[in-house]
Amino acid sequence: MPLRSGGQFRKRWRYVGFYGPEVMLCAARAQVGPLGQCFWALWDRDADRSYANTRLRPGSTEVRMEGSTVEIEARDVRARLSLGESAPVEAICPSGSGWGWTRKRAGIPIGATIETPRRRWQVDGHGVDDESAGHHQRETSWRWSAGVGTANYGRSVAWNLVEGINDPPANSERAIWIDGEPLEPAPVSFRGLEAVEFPGGAQLGFTPGSERARKDNFLLFRSSYRHLFGDFRGSLDGIELAEGFGVMEQHDAVW
């Protein structure tokens, strides 16, 4: 994709999240036009302690992403994630006069080694890999949820649900994975960052545990962002959860 098309700068990012009962971690690299950043966040659930950092310096190697390997090298946190395979969903959707592309994988197996000044984890679990790019409209606002869990009847589930970006009635990025196979639900509605509602009345509820929030104003580009780790309950479009772990996000951008 060219840096600029139809009057809009190219936006691109990759986000990887590891969600579990002991620890939750995310890492990302993002670029809007010529400006780039990387960030990470970690929630030690047992100690209820959070760590996070954002680097705006171009070329920062605090977060490194190479194929199936993600590494964080920071003052307070060192981590290495090894991503396995899972079936992706991919969508190309209009965005004003532009368009956006995304490929999502949820429920991917992840092996993680994570260290903080207080604790070290070596755990296997599941998470999400989000790769996106496009020439999105100048003002874009969305709500997003992704997570992993287990249904009441024992099958593994994962999800990627969104409102406001890549969300046409069909061929969207919305997906629910059941034992690794993705299905597209109908459009959903977010009730703030407290729940996701499905057209049939099912509701996926959320209890937050740790939040990363940031506001940036670079004159040409502005962003207001909230990212919450937590637990999910209720129903995934009629699939009752026994347990669920993941993220709720709100992002309002002028880019």
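Sequential numbering from 1 along the given sequence is applied to the chain's residues.
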Problem set entry | Worked verdict on Val128 versus Val16 for side-chain contact (heavy atoms from CB on, under 4.5 Å) | CA-CA 6 Å; Val128 168; Val16 172; over 6 Å; no

Exercise. Does a side chain donor of either Trp142 or Asn166 reach within less than 3.5 Å of an acceptor in the other side chain?
Worked result: no

For this session: Verify the distance criterion only: is there a donor paired with an acceptor across the side chains of Ser223 and Trp255 at less than 3.5 Å?
Result: no

Problem set entry | Residues which pass salt bridge (charged side-chain N to carboxylate O under 4.0 Å, His left out) with Arg4, listed by chain and number, not counting sequence neighbours | none

For this session: Applying salt bridge (Lys or Arg N to Asp or Glu O under 4.0 Å), run through Asp129 and Arg103 and close with a yes or a no.
Result: CA-CA 8 Å; Asp129 187 7; Arg103 177 168 54 220; over 6 Å; no

As an exercise, state the distance from [atom1] of [X] to [atom2] of [Y], rounded to the nearest 0.5 Å.
| X | Y | atom1 | atom2 | value |
| --- | --- | --- | --- | --- |
| Ser82 | Ile110 | OG | CD1 | 9.5 Å |
| Leu42 | Met24 | CG | CE | 11.0 Å |
| Gln203 | Leu236 | CD | CG | 12.0 Å |

Do [X] and [Y] touch side chain to side chain, with heavy atoms closer than 4.5 Å?
| X | Y | value |
| --- | --- | --- |
| Glu249 | Leu193 | no |
| Arg174 | Pro187 | yes |
| Phe245 | Pro21 | yes |
| Leu204 | Phe206 | no |

For this session: Take the angle between the ring planes of Tyr15 and His227 and call it parallel below 30°, perpendicular above 60°, tilted in between.
Result: tilted

Exercise. Only one of Glu184, Glu131, Glu173 clears salt bridge (charged side-chain N to carboxylate O under 4.0 Å, His left out) with Lys104; which?
Worked result: Glu173

Exercise. Thinking salt bridges, do Asp130 and Arg105 make one under a 4.0 Å N-O criterion?
Worked result: no

Problem set entry | Lys/Arg N to Asp/Glu carboxylate O, Glu71 vs Arg80, below 4.0 Å | yes

Problem set entry | Co-members of the apolar cluster containing Leu219 [side chain, <4.5 Å] | none

Problem set entry | Cation over ring face, Arg212 and Phe39, 6.0 Å, 45° | yes

For this session: For residues Phe9 and Phe221, establish whether the separation of their ring centroids is below 6.0 Å.
Result: yes

Output yes when a side-chain donor or acceptor of [X] lies under 3.5 Å from a complementary backbone atom of [Y], and no otherwise.
| X | Y | result |
| --- | --- | --- |
| Ser141 | Gly164 | no |
| Ser95 | Gly98 | no |
| Arg143 | Gln250 | no |
| Glu115 | Arg120 | no |
| Asp179 | Ser156 | yes |
| Thr140 | Gln137 | yes |
| Arg64 | Thr61 | yes |

For this session: Take Trp43 and Tyr51, measure what side-chain contact (heavy atoms from CB on, under 4.5 Å) needs, and give me the verdict at the end.
Result: CA-CA 7 Å; Trp43 179 30; Tyr51 306 82; over 6 Å; no

Problem set entry | Ser50: partners by side chain to side chain donor-acceptor pair (under 3.5 Å), with sequence neighbours left out | Ser210

Problem set entry | Least distance between heavy atoms, Asp48 atom then Gly209 atom | OD1-O, 4.0 Å

For this session: For Lys215 and Asp252, run salt bridge (Lys or Arg N to Asp or Glu O under 4.0 Å): C-alpha distance rounded to whole Å, both residues' side-chain angles, the deciding distance at 0.1 Å, then the answer.
Result: CA-CA 10 Å; Lys215 290 187 177 182; Asp252 303 304; over 6 Å; no

Exercise. Does the pair Trp101 and Glu90 meet the rule for a side-chain contact (heavy atoms from CB on, under 4.5 Å), with working shown?
Worked result: CA-CA 8 Å; Trp101 164 87; Glu90 191 168 2; 2.6 Å; yes

Distance-only check: which donor-acceptor pairs under 3.5 Å involve side-chain atoms of residues 27-34, not counting sequence neighbours?
from, atom 1, to, atom 2, distance (Å)
Arg29, NH1, Ser60, O, 2.9
Arg29, NH1, Val63, O, 2.6
Arg29, NH2, Ser60, O, 3.3
Gln31, OE1, Arg12, NE, 3.1
Gln31, OE1, Arg12, NH2, 3.0
Gln31, NE2, Gly33, O, 3.2

For this session: Mark yes when over 12 heavy atoms from residues, nucleotides or ligands other than Asn171 sit less than 6.0 Å from its CG; otherwise mark no.
Result: no

Problem set entry | Arg214 atom CZ, over 12 foreign heavy atoms within 6.0 Å | yes

For this session: Could you name each residue pair satisfying salt bridge (Lys or Arg N to Asp or Glu O under 4.0 Å) that touches residues 226-239, not counting sequence neighbours?
Result: Arg45-Asp231, Glu211-Arg226

For this session: Quick one: which residue pairs count as a ring-ring contact (aromatic ring centres under 6.0 Å, His included) with a foot in residues 156-188, not counting sequence neighbours?
Result: Trp159-Phe232

Exercise. Checking side-chain contact (heavy atoms from CB on, under 4.5 Å) for the pair Leu25/Trp121: CA distance, chi angles, key distance, verdict?
Worked result: CA-CA 12 Å; Leu25 173 72; Trp121 295 266; over 6 Å; no

For this session: Evaluate salt bridge (Lys or Arg N to Asp or Glu O under 4.0 Å) for Glu197 paired with Arg191, printing each intermediate quantity in order.
Result: CA-CA 7 Å; Glu197 297 179 343; Arg191 191 156 55 80; 3.3 Å; yes

